[in-house]
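Quick notes on the structure that follows.
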Amino acid sequence: MIKSIILTFLFVFSSLPIFAGEGMWLPFLLQQMNEKEMQSMGMKMSAEDIYSVNKGSLKDAIVQFGGGCTGEIISGSGLLLTNHHCGYGQIQSHSSLENNYVDKGFWAKSQKEELSNPGLTATFIISMADVSTSILKGVTDKMSASEKQSMVDKNMEQLKKNYAKESYQEILVRSFYKGNQYYLFVTETYRDVRLVGAPPSSIGNFGVDTDNWIWPRHTCDFSMFRIYADKNNKPADYSSDNVPFKPRHFLPISMDGIKEGDFTMVFGFPGSTNEYLPSESIKQITDLSDPVKVALRTRALDIMHKYMVASEAVKIKYVTKAAGISNGWKKWQGEMEGLKKTDAFGKKQKYEAEYNRLLNSNAALKAKYGGVLEELNANVIKSNDYVKIREYSLEILRTNIEMLRYYSKLDALVNAFEKNGGEEMMKKADAVKSWGPGYFKNYERKIDEETFAALLQMYYNDVDKEYIFKGLESLAPNSDQYTANVKALFDASYLNSEEKLNELLIKKPEDLANSIKSDPAYIFYKEMIDQYNVKVAPNVTLYEGKVTSGMERYMAAQMEVFKDRKFYPDANSTLRVTYGKVNSYAPRDAVKYEFQTYLDGVMEKYIPGNYEFDLPPKLIELYEKKDFGPYAENGKIPVAFIATNHTTGGNSGSPAIDAYGNLIGLNFDRVWEGTMSDYNYDASICRNIMVDIRYVLFIIDKYGDAKHIVDEMKLVHPKSKPKGVKTTPKGVTKKPSAKK
Ligand code: ARG
Ligand code: ASP
């Protein structure tokens, strides 16, 4: 008995997120959940310094940037820091051949030169509250998923209507713990966000795809913006009368750097994780989803790269497309490898065995949750076949083959004609016409045709017979005729060139609709998508629905069964705190990675003329003259560092914050071996990657000659305080007063 209690304790304890790093925590619950641990790891702040509704706190310096990234405020005049890859669209949109800010960088010399970006937003979180009781009122275990949903929707509407807020604020309610809890957020969204500065992409995206997801890293992945507000400091549409926003708090910047073991926290908006899945889901990801996606993208990228290497013109057309496809491709490979290497499936099975043991030893819990896990795993297994065909279909129809992706536009014309007649169709045809030039400017038929042939052959050979449709069969994928057949299909397509598309779009309504309908490539697309919609999608929806409601029950069960464990909710694009320590790592036998990189490493990787590793002459000059200003440490410029913070997509641009609340870095990526952290955080190999803030300052000041931007910030030396002086987090409570 005693032995089993000890064993239980050991097991449960070892499955806790005890190692510094795991977890994406809710800022308003830090005091009860994390404060003690954070302080024991070296944090010198209180939970109230991080999140407070009564005074300025760290959270007032954090924004969701443009919907998908994070940014932070670093001056009393609304200066905002985020990643280069987060601001890339804006940098690109202001670029022209004469003023190519992507290539050359951009630095506004004064506020007048800052560039406005219609549609770009920055959202602050004003307050948060647990509203589970109001939202789940009237919901019972007996209800079906849809009954429950409509009850929740009704309650939510009611709550939003009655919740006190200002006219310029919004209310957001999100589900947590798989629908077992609901939290409310009061937000303020600023709509006038202007570009202040960016390094050339040879610095801001140094290493491009080769270095993406890789440590050691040497990228200065930052760009800067400024939030503008109306005269009352409130959100407003762009206007030349707007003034720089005055934050309730901004982050001071530490000039003291980091060392191994230092406390770090990352504050931002992680997008999506799934840490509480059953074992069969882990198996589905490692053995099915990831391998299918990776195999298809490997072929697609091989083809693209073959043509990109052969021609500079093709390279320019395909660099951004290749980067988009490659980001997931590379991440999933690291994910599969990491999940296998750490035996994530076996770990889940052990965890489930312990869960069952505890569940079965408690009659009340057993009555409530008995069978939930078994049914969930069974439903995941049943979904496998559909998930496989879904991955194939989405990769082929939506991602890797441009022509198929854009038949959806022609399909919309046909639908409009059949439902609403010629006039409606012609309105849509105008939109297709205006889209055409941009599309064909960057289109290479030979790449698309070869990719089409390759990926559909993989599909043909790997999916169940019942998903082979007529159009594919008639291309005879394994015959000598296949290449010629694909070529004939492309020859006949209205989407093979801009001329062909224009020839189509000048037709009269009925003729236009009929021409599309007799285009063999459209027929091919239509067969494939119809089959997907009829045979696959309903089953995917059915089993996903079962898995979703199973997960809701299983999540509740896990929280009751392991009642002493601290559970953090999966990421869902809401504001979170993750904390850890600066930490080197050893991914393989005899390999150890240091925690910090330097400018020397940038120079080591330099390849003149190479599109990924070229460098601007001025940076080389600064390096050779050692013209480092006050930003060097022991004669070297620190470039990037890693720590055990648990981050994911959406955390890009998040601040890395020291024990006192100062900015030390800018989060932008994770190490390849640790990308499995979305399902199975493991502190031995999961690391987030941050640019060292001193490299950012060096680039702005010395490379960009934009010292006036650095002067706006508040630089501090938290580590070099005289001995005996108590280091309280002064910057946190201070009014925003930018030190010049
Ligand atoms: N892997 C990082 C993330 O998922 C950075 C992506 C941007 N950089 C790139 N080279 N594609 O967003
Ligand atoms: N690079 C990611 C982002 O853009 C961050 C990550 O996945 O670690 O959000």
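Counting starts at 1 for both ligands and their atoms, following the listed order. All values reported here derive from a predicted model rather than from experimental measurement.
Within 4.0 Å of ligand 2, counting heavy atoms only, the contacting residues are H85, W213, T648, G649, G650, N651, S652, F668, D669, R670.
Residues N645 and T264 have side chains that bring a donor and an acceptor to within less than 3.5 angstrom of each other.
Between K605 and E612 there is no salt bridge, since none of the side-chain N atoms of the basic residue sits less than 4.0 Å from a carboxylate O of the acidic one. In this structure, R670 pairs ionically with D678, as a charged nitrogen and a carboxylate oxygen lie closer than 4.0 Å.
Of the protein's heavy atoms, N327 ND2, 3.8 Å lies nearest to atom 3 (C) of ligand 1. Of the protein's non-hydrogen atoms, the one nearest atom 5 (C) of ligand 1 is N212 OD1, 3.4 Å. Nearest protein heavy-atom neighbour of atom 7 (C) of ligand 1: H85 CG, 3.6 Å.
Near D669, with a cut-off below 4.0 Å to any heavy atom, the atoms of ligand 1 are 1 (N), 2 (C). Within ligand 1, counting atoms from 1 as listed, the ones closer than 4.0 Å to a heavy atom of N205 are 10 (N).
The only member of R576, M24, K178 that meets side chain to side chain contact (heavy atoms under 4.5 Å, CB included) when paired with P569 is R576. Among the candidates R297, R405, K293, the single residue satisfying the salt bridge (Lys or Arg N to Asp or Glu O under 4.0 Å) test with E395 is R297.
Here the closest non-hydrogen pair linking P608 and D614 is CA-OD1, 3.6 Å.
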Using the ring-ring contact (aromatic ring centres under 6.0 Å, His included) rule, take F567 and Y177 through it: C-alpha gap first, then chi angles, then the decisive distance, then the call.
CA-CA 9 Å; F567 285 86; Y177 299 105; 7.4 Å; no

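Taking any N or O of V208, backbone or side chain, at least one lies under 3.5 Å from an N or O belonging to ligand 1.
Taking the six-membered ring for Trp and thresholds of 30 and 60 degrees, Y681 and H646 have ring planes inclined between 30 and 60 degrees apart.
Sorted by first and then second residue, the side chain to side chain donor-acceptor pair (under 3.5 Å) pairs involving residues 301-311 (not counting sequence neighbours) are K306-E450, Y307-E450.
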